[in-house]
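Naming: A, B, ... by sequence-line order, numbering from 1 per chain.
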Amino acid sequence: MEIPKTYEPIKAEEKWYSYWMNKGYFHSEPDEREAYTVVIPPPNVTGVLHMGHMLNNTIQDVLVRRARMLGKNACWVPGTDHASIATEAKVVQKLRTEGIKKSDLSREEFLKHAFVWKDKHGGIILEQLKKLGCSCDWERTGFTMDPEYSESVIDVFMDLYKKGKIYRSVRMVNWDPEALTAVSDEEVNHKEVNSKLFYVRYKVAGSDDQWLTIATTRPETILGDSAICINPNDARFKHLHGKQAIVPIANRTIPIILDEYVDMEFGTGCLKVTPAHDVNDYELGKKFDLETIDILNDNGTLNANGLHYEGKDRFEVRKAIEKELYDKGYLVKTEDHINKVGFSERTDAVIEPKLSLQWFVSMKELAQPALDAVMNGDIQFHPDKFKNTYRHWMENVKDWCISRQLWWGHRIPAWYFGTGANDYVVAKTVEEAIVLVKEKAGLTVSASDLKQDEDVLDTWFSSWLWPISMFNGLTRPGNEEIKYYYPTNDLVTAPEIMFFWVARMIIAGYEYLGEIPFKNVYYTGIVRDKLGRKMSKSLGNSPDPIELIEKYGADGVRVGILISSPAGNDLPFDTSQCEQGRNFTNKVWNAFRLIDAWEVRDIEQPKSSAKAIEWFEAKFNKTLTEINDQFDKFRISEALMSIYKLVWDDFCSWYLEMIKPGYEQPIDSKTLETTKVFFEKLLKLMQPFTPFIAEEIWHLIRERAEGDDIILAPWPVVDSVNETVLANFKFAEEVIINIRNIRKNNNIANKVKMDLFVKKNNEIDLSFDSVISKMGNLTQLEYVKEKVANSNSFIVDSNEYYIPFGDTIDLVAEKAKMQEELNYTKGFLQSIQKKLQNEKFMAGAPEQVVLSERKKESDALNKIAILEEKLAEMV
RNA sequence: GGGAAAUUAGCUCAGUUGGUUCAGAGCACCUGCCUUACAAGCAGGGGGUCACAGGUUCGAAUCCUGUAUUUCCCA
């Protein structure tokens, strides 16, 4: 059968992925083996695969596949997140295109639409992961709104409520007027924008023409003012103490209060206080018991408190009120001003601070063990620089607002039986609620008297249970699976969600299982384009991962994405990296073609082949040690690079060339067999990174028994490393490179055989001579006592090598080269001798360093002598 | 404004407790090769005042101080 000259990934990928699936290799059940567990960071259920997912999931697959080869019971749990804000936004948008408004639907109707959408689009991303080769246990695929998962979310809410960790409170929250929901501090992006500072004057009450001037960036909130605040130490305003002021346009009289909070330097030193629309003002309002006047509707338009501006958007009002203030003589001046404005991460709408009744988790106590676990190393971060960021946040953790004004998600299990702030109970079902109402208020109510809270829980309030609830650790405490798989081993995620997700999983782990949820956290970077911009849909700078896979093969893309992606660093991605990956798979493919084409004969093994085998054995073991170490340190891309070079440079460029029989010559069976074994070992190392081609060649290189698949083959074991062989080869390598250089410099074709004469001045190892002969294409390698005249020459380790001239030679160039080498060596010698003559060096440096300097000195002296002699002869 | 980290070849990064004339890899680049495994290749080669300025040391990319620039986190 003809084997194609280039590797064709598409067919192999389909074939092997379904083969692995049919064999159930990805599936895990608890057994006696050590468990190795990874839970996937659940992508949004309606999400589409982007480059960030590619990076993240390739790393996970590498770790999982290697663990499998190390004999562990590897379990990679996939699933999706309901992502309440993002998904609801998509459903709302889709309905809008059909002419349906969310406000026209009941909650039940809307959820029906949402589930239809989820069933249609949900899980696309998981199918895409299969194309990448991800070896997830698909039988365990989960979803944060699955019934049992949801139950655990509600259980946790009730449990924390009972423990007094969940409370309901009026708080200033970040309000997204577009999504109509509160968002957490972490979901607000602060950006600097150019705006205006408006100077507005307020009349002092009871005066004829006494005014005070405030500065504000948001003049529309004047309508919500309930005080003017000045610093009691501000000498400029002593006359205002105890007075009142009149709000322009609204014509309300408000007190002038004194507080040191006011920055005398900023603006005019007079601060308008709007408790409903600014966090700091809210605090002042509480302190001075001020009236709270909310002027905004939830959608960002003004309400009745906005007087004649009612129904208009806040930005529109800002312009209009500027004009009105000016026309009526209240506007003193405006200035350009740069300030930071919060934008919603999801909708990019300007966030409004808004007072509302929300549900909170108090975090301080919960966070303590989670902070300790990372600081004392029970949980390792890779790279560990992220520990600092983590500590900073955890030490200053704020309470977590967990209610969201949405329908898509887990509905808060609170039931209201009245309108009072405290007229509610928290219960799993309405029946339980009825009983609790009786207990709490002594009221006998029926189901229809109770009204469940309209809000749903923050998505992270369900995903923080992911490593526990994917094994039903809360609904079926102590079950076999949670005992076996938990704590999980490695978590691979982005540093952006360290607080949203990682920290909270650790908190939940301690609170509910008394244990860490994972041992290692590997932080990936952000995938950027060549210009350093973050890849995003709106910029259109992100390649379609599926197209990449079709073009370069999944293995090629996996290599491309990992080849330059150290942990925690951003990955500047360019498709040329996939090309490199694709080229690598092709190289391996051709190595296989070469071996496969050899005709085996029962002949004697050439000496050079025996030496080559000895060397590669040593090289392999040495590199494997390094690779294992790199894996232990989570230096994934370095491990890949080591494998890449071991395969390409050491195996293909050196080893295969050393054992390659002449054209149409057979190979001896011993060498062929050993070579196949080497190749198989290399394929094993490649398997985590390039699983498809590894499996493909694994089955082509040899007949395999049922179940003898590389995905389950044992990871190679390190054997002792023969350092002597490695050193001797290095010497031979240098000789060979020198021979090649002479060929190139003199335009001697590779097929032209040459003679090599060696004047041995030093005791050297001759064991690789057969290899030198073969690789140098020499007719003979002869040892001589005297220099060989009319030759190209070079020196390795004080030994002189001569290749007699063919027809022509550039004597001048040859001499110049030698002179240059001599100069360099002399300079080198000088620096060494200077060091050796330095008494302080001799006194301070360790013996080993001194010894190595002495050796360098004698080597240099030798070399100089030879060079000078040769130069003298060339005249 | 407060905190953290970074700055080594054109690009992306290594560089272990200071010790081979001021240093490595991959890609890119240059030169020569269609040498029957692979031109998605082979062979060879060039390229760095290790951000800047001081200091400690016999010796600094590595330790200390300051400056500049960048990134991230928090307000």
Look at the side-chain N and O atoms of [X] and state whether any lies under 4.0 Å from the OP1 or OP2 oxygen of [N].
| X | N | value |
| --- | --- | --- |
| A/Lys385 | B/U71 | no |
| A/Asn741 | B/G45 | yes |
| A/Trp648 | B/C42 | yes |
| A/Tyr644 | B/C27 | yes |
| A/Lys660 | B/A37 | yes |
| A/Asn583 | B/G41 | yes |

With a non-hydrogen cut-off below 4.0 angstrom, is [X] in contact with a base, only sugar-phosphate, or nothing?
| X | answer |
| --- | --- |
| A/Trp598 | nothing |
| A/Ala597 | nothing |
| A/Arg743 | nothing |
| A/Glu395 | nothing |
| A/Ser653 | sugar-phosphate |
| A/Ile595 | nothing |

Protein-nucleotide distance ([X], atom [atom1]; [N], atom [atom2]), rounded to Å:
| X | N | atom1 | atom2 | answer |
| --- | --- | --- | --- | --- |
| A/Arg593 | B/A40 | CZ | P | 14 Å |
| A/Asn738 | B/G45 | CG | C1' | 14 Å |
| A/Ile739 | B/G44 | CD1 | P | 12 Å |
| A/Asp384 | B/C72 | CG | P | 21 Å |

**Request:** Write down the partner of B/U69 under the Watson-Crick or G-U wobble criteria, each distance required to be under 3.5 Å.
**Result:**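 Per the H-bond distance test, B/A6.
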**Asked** With both distances kept under 3.5 Å, what pairs with B/U12, Watson-Crick or G-U wobble?
**Response** B/A25
Using the [atom1] atoms only, state how far [M] lies from [N], rounded to an integer number of Å.
| N | M | atom1 | value |
| --- | --- | --- | --- |
| B/G32 | B/U57 | C1' | 48 Å |
| B/G26 | B/C33 | P | 24 Å |
| B/C22 | B/G15 | C1' | 14 Å |
| B/U8 | B/C63 | P | 15 Å |

**Whether A/Phe584 and A/Trp648 hold their rings parallel, tilted or perpendicular, with breakpoints at 30° and 60°** = parallel
**Request:** Look at the rings of A/Phe381 and A/Tyr523 and say which category their plane angle falls in: under 30° parallel, 30 to 60° tilted, over 60° perpendicular.
**Result:**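 The arrangement is perpendicular - the two ring planes meet at more than 60°.
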**Message:** Surrounding NZ of A/Lys551 (heavy atoms of other residues, nucleotides or ligands, distance under 6.0 Å), is the total greater than 12?
**Reply:**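 Check fails, neighbour count at 12 or below.
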**Asked** Just wondering, are more than 12 heavy atoms of other shown residues or ligands nearer than 6.0 Å to NZ in A/Lys364?
**Response** yes
**Asked** Do A/Thr675 and A/Tyr655 have side-chain atoms, one donor and one acceptor, less than 3.5 Å apart?
**Response** yes
Does the base of [N] carry an N or O that pairs as donor and acceptor with the side chain of [X] under 3.5 Å?
| X | N | answer |
| --- | --- | --- |
| A/Arg582 | B/A40 | yes |
| A/Gln630 | B/A14 | no |
| A/Lys5 | B/C38 | no |

**Message:** Would A/Lys681 and A/Phe620 count as a cation-pi pair here, with the cationic atom under 6.0 angstrom from the ring centre and within 45° of the axis?
**Reply:**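 Yes; both conditions hold, so A/Lys681 lies above the ring face of A/Phe620.
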